[in-house]
Amino acid sequence: MDSLRALAAQLGIADPFGAGFLSVLVTFVTALALTWLFIPRLREFAVQAGWADMPNARRLNKEPLPNAGGLAIFAGFVVSIVVAWALRPIVVELVNIQVLAIMLGAAILVLVGFIDDQFGLSPLSRLLVQLLVSVLLIVNGLKMDFNAIPFMPVLPDAVNNPLSTALTILWIVGLTNAVNLMDGVDGVVGGVGFVVSMVLLVTAAQFPDRAAAVILLAGLAGACLGYLRYNFNPSRIIMGDAGAYLIGFTLAAVSLLGTLKVSAGASLIVPFIVLALPVLDTTQVVIGRLRRGIRNPLGHPDKTHIHHRVLARTASARRTAVILWSVALLCGVLGMLLQGVAPLAVLVTALLVGACLWFVAHTRIQAHERERTRELN
C-alpha cells in the first residue's frame with residue numbers, strides 16, 4: 001500500500017483512493033462515455049436537419065458529412081464538469097468564478113462556431129466574439145503575467161499590465177483560431193486535443209492549487225477521446241468550428257489558471273511547448289499567405305497547412321493523424337520534462353495517451369470494417 005501511494009505521488013496523485021483522484025477519474029469517464037454514446041444519435045439528427053459540410057477542393061469527404069460533432073464534445077465536457085462539481089465542489093470563490101467564466105466563454109464560442117458552420121459568419125464577427133470572451137476571462141482574473149514568464153525582463157506595472165493584457169488576448173484568440181485551422185484531416189484535432197489535455201492535466205496535477213484545471217482538462221480529454229472514436233478516418237462526423245473553438249479556447253484558458261501565482265511562474269512553459277504544433281502551423285500559414293500578397297491571411301483557405309503537407313507525403317489520412325499525434329506527444333514530453341515533472345510520470349503519461357489513441361483508432365477501424373461488410377451483404 002505504501003509503495004502504491006509512493007508511485008501515485010510521483011504521478012501527482014496525492015491519494016489514489018481519495019475523493020480528489022476519484023473525481024478526476026469520474027470526470028474523464030463521464031465525458032468519454034457520454035460523447036461516445038451521444039454522437040450516433042446526434043449524427044442521425046444532423047443528417048435529417050442538413051447540418052453537414054459539402055465536398056469541396058479542401059475537404060476529404062466525397063459526400064455530405066455531418067458537422068455537429070462539436071455539440072457532442074461540448075455536451076460531454078459540460079456534463080462531466082457538473083458531475084465532478086457535485087462530487088467535490090470547488091470551495092474557493094475566485095476559482096469558482098474563473099471556472100464559470102471559462103465555461104461561459106466556451107459556450108459562447110460553441111454557439112458562434114455552430115452558427116458559422118450552418119449559416120456562415122464574417123471573419124470580423126467571429127473575431128469580435130473571440131475578443132469578447134478574452135475580455136471575459138481577463139476581468140475575472142485569468143490573465144497572463146509577462147513578469148512571470150521565465151527568462152524575460154521584469155517590467156514596471158505601467159508597462160507590464162497593458163502588455164500582459166495584450167499577450168493574453170493574443171494567446172486566447174490566436175490559439176482558438178490555430179486549433180480551428182488545424183481541423184482539415186480526419187482525427188487530427190480530436191487526437192491533438194486529447195494529447196494536449198492529458199499532458200496539461202498531468203502537469204497541473206503536480207501543483208496543489210490547480211485542482212480546477214485538472215478537472216476541466218479531464219473533462220475535455222474524455223470528450224475529445226469519445227469524439228475521436230467516430231472521427232478517425234473514415235470519419236462519420238466532424239466537429240466543425242464549434243468543436244475546434246471549444247478545444248482551442250478551453251486549452252488556452254485553462255493554461256492561465258494559476259499563472260499569476262509566484263510559485264507558478266514557470267507554468268507557461270508547458271502550454272507554449274505542448275501547443276507548439278498548432279501555433280507553428282498557423283504562423284507558417286499566415287507568413288506564407290502574406291508573402292503571396294494576401295491581405296486577409298485567415299480568410300483565404302488553402303492547402304499549405306502542416307496537415308496538408310504531411311497528407312501529401314503520406315497519401316493517408318490515418319498516417320497523417322498518427323504522425324501529428326506523435327509530434328504533439330513529443331512536444332508534451334519535452335514540456336513536462338522542462339517543467340520538472342518526474343520522468344516516471346512523463347513515461348506513464350506517454351504510454352497511457354498512446355494506448356488510449358490506439359484503442360479508439362482500432363475501434364473505429366473495426367467498426368468501419370463491419371460497416372463495409374454490411375454494405376456488401
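None of these values were measured; they are calculated from a predicted model. Numbering starts at 1 and runs along the sequence shown. All values below come from the heavy atoms of this structure, side chains included, with hydrogens, waters and symmetry mates left out.
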Give, for atom [atom1] of [X] and atom [atom2] of [Y], the distance between the pair rounded to the nearest 0.5 Å.
X	Y	atom1	atom2	answer
N67	S235	CG	OG	11.0 Å
L200	L257	CG	CG	11.0 Å
Q130	L132	CD	CG	10.5 Å
D241	L181	CG	CG	9.0 Å
S255	L216	OG	CG	11.5 Å
L246	L220	CG	CG	6.0 Å

Quick one, [X] and [Y] - any side-chain contact, counting heavy atoms below 4.5 Å?
X	Y	value
L137	I172	yes
V310	R319	no
R318	P234	yes
L357	L228	yes
V47	R43	yes
V179	L275	no
V99	W85	yes
L71	F114	yes

Could you state whether [X] and [Y] fall into the same hydrophobic cluster, counting links through intermediate Ile, Leu, Val, Met, Phe, Trp or Tyr residues with side-chain heavy atoms under 4.5 angstrom apart?
X	Y	answer
I247	L280	no
L100	F249	yes
V199	V279	yes
F359	L225	yes
W358	V195	yes

Heavy-atom closest contact ([X] atom, [Y] atom, distance):
X	Y	answer
A46	P66	CB-CB, 4.0 Å
A31	G219	CB-O, 3.2 Å
A317	L311	N-CD1, 3.7 Å
F74	A106	CE1-C, 4.3 Å
F194	A221	CD1-O, 3.3 Å

Please answer whether the main-chain N or O of [Y] pairs with a side-chain N or O of [X] as donor and acceptor at a distance below 3.5 Å.
X	Y	answer
Y230	W36	yes
N231	I237	yes
D183	V189	no
W171	A252	yes
D116	V112	no
N180	Y245	no

Check against side-chain contact (heavy atoms from CB on, under 4.5 Å), I215 and S23: CA-CA 8 Å; I215 290 295; S23 63; 3.8 Å; yes

Pair R236-I39, side-chain contact (heavy atoms from CB on, under 4.5 Å): steps then yes or no: CA-CA 9 Å; R236 299 281 290 165; I39 283 183; over 6 Å; no

Stepwise side-chain contact (heavy atoms from CB on, under 4.5 Å) check, V110 with F77: CA-CA 12 Å; V110 168; F77 174 61; over 6 Å; no

Qualifying residue for side-chain contact (heavy atoms from CB on, under 4.5 Å) with L111, from L109, I108, I115: I115

Residue pairs involving residues 211-226 (criterion side-chain hydrogen bond (donor to acceptor under 3.5 Å, both in side chains); sequence neighbours excluded): none

Verdict with supporting geometry, Y227 and M239, side-chain contact (heavy atoms from CB on, under 4.5 Å): CA-CA 8 Å; Y227 160 79; M239 66 175 65; 3.3 Å; yes

Can you give the donor-acceptor pairs under 3.5 Å from side chains of residues 322-336 to other protein atoms, not counting sequence neighbours?
{"residue": "W325", "atom": "NE1", "partner": "G187", "partner atom": "O", "Å": "2.9"}
{"residue": "S326", "atom": "OG", "partner": "V322", "partner atom": "O", "Å": "2.8"}

